[in-house]
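Please read the structure below before turning to the comments.
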Amino acid sequence: MSFDWIDEDRLPQFAPGEQLLLFGAGQGCVELLQWLAEFAPQTIVTAIADNDNSMWGRSLQGYPVIDPATIAEHEFSRIVITTISGEDPVSAQLRAMGHEPGEHFCAVGRYPTNHLGNFNILLELDRACPFLNPGSRILHVGPGGFLGLECSLYALGHEPCSMDAYAFGVSYPDVTERMDKYRGTRDALLQTPQAKDVPDAAERFDSLFSERGGRIMLDEQRMPYVAPARFSSLPFDDASLDVISSFAVLEHVRSPENVVRECRRVLRPGGVAVQRILSRDHRSFGQVAGYHPASYLDHSPQEWEAVNTDKFYQNRVLPEEWRDLFEQGGLRVEFFRTLGQYHFSDEERERLHPDFAHVAEAGVVSVNCDMVVRKYENG
Ligand SMILES: C[S@@+](CC[C@H](N)C(=O)[O-])C[C@H]1O[C@@H](n2cnc3c(N)ncnc32)[C@H](O)[C@@H]1O
């Protein structure tokens, strides 16, 4: 099987009988457990640490999920960090506890590359509500370490730019280690009808890459990437962009109102912001028992802040609330669709925090959405 959430090249040689403590109870952890079962079956996992206090005391595939402060109470010769979003803070946390990188711990997480996934969503939304014009200046916020969408848009004749708040394992401008992924994206792109309509799409894609001293470099002029930079404070001039796009990013911002204000500021009149928002409680993506797509509504604001301490932050803005925020922020919502609904059981309804009594009363909540909002021509 292929492993998307762990980088096999980063995995060390494990000795037979070696005791491991894993850090991060998400998808990377699930994949690492599969990898160990297949390729290092004699290793012994003693516990899984996670900074999310709501996970402590639960179990993942029978392994206890523990408070990192209690790591020393467990047997292990090595800690393996599987989280990719939390890799830097967790490494710092372990160093502060006296563990040395390489010697006592290693990080093996990787964010999956979806070759044309976001590209296809962008084009689908463009069909529903046309916004792409030849040579559009398009900002992609939060690429997650891989600029395949940006390269594809450049190949089709647009003027992309990119920015991210966190590294997510990005290699830029040196992309030598990720060239297999860029080649995969190029091959997939050239099969699309959109690329077939652009005679020089392949040449444009290839022109972004050049060799320097045995390394492959992305062209920083034609493929600008700014990091760290936050959605709530976009490093762009007023009215300078035709399109702002993001996929699985808005659910992580801390100040949604500022993001809306910034979108309105940097878009040209008539420009659009295109968003896929994965509002689902991210804990329910993993295999730790007891979470559902809206289980974050069980917590008070204070509890939710505690859950997010030293974690990759997730806000609790629901799809319709995002729609209202953009409308109140002076942008016209031209397209909005929710991607799912979650119906609560009676027991789950009772567990919802009183702040979400209206959700409990409805018994159902929207989960995930796509949205296209436009800045008014005179806005
Ligand atoms: C779950 S990843 C999604 C990556 C990619 N868009 C995808 O669909 O695979 C979340 C991305 O949002 C970025 N991000 C989170 N908070 C952000 C913020 N406040 N401003 C800009 N980017 C942010 C992260 O660095 C990361 O690249």
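Start at 1 and go down the list; that is how both ligands and their atoms are numbered.
With sequence neighbours left out, R332 forms a salt bridge (Lys or Arg N to Asp or Glu O under 4.0 Å) with E334.
Within the structure, every pair that satisfies the side-chain hydrogen bond (donor to acceptor under 3.5 Å, both in side chains) test and touches residues 227-236, not counting sequence neighbours, is listed here: Y166-R230. Sequence neighbours left out, the pairs with a member in residues 116-127 that pass side-chain hydrogen bond (donor to acceptor under 3.5 Å, both in side chains) are E124-R337.
Between the side chains of Y172 and S162, no donor-acceptor pair is found at a separation under 3.5 Å.
Ion pairing between R264 and E257 fails under the 4.0 Å rule for side-chain N and carboxylate O.
Contact record, F105 with H99: CE2-O, 3.4 Å, taken as the closest heavy-atom pair.
Around ligand 1 you find Y111, N118, V141, G142, P143, G144, D164, A165, Y166, F168, A229, R230, F231, F247, A248, V249, H252, V253, F312, each with a heavy-atom distance below 4.0 Å.
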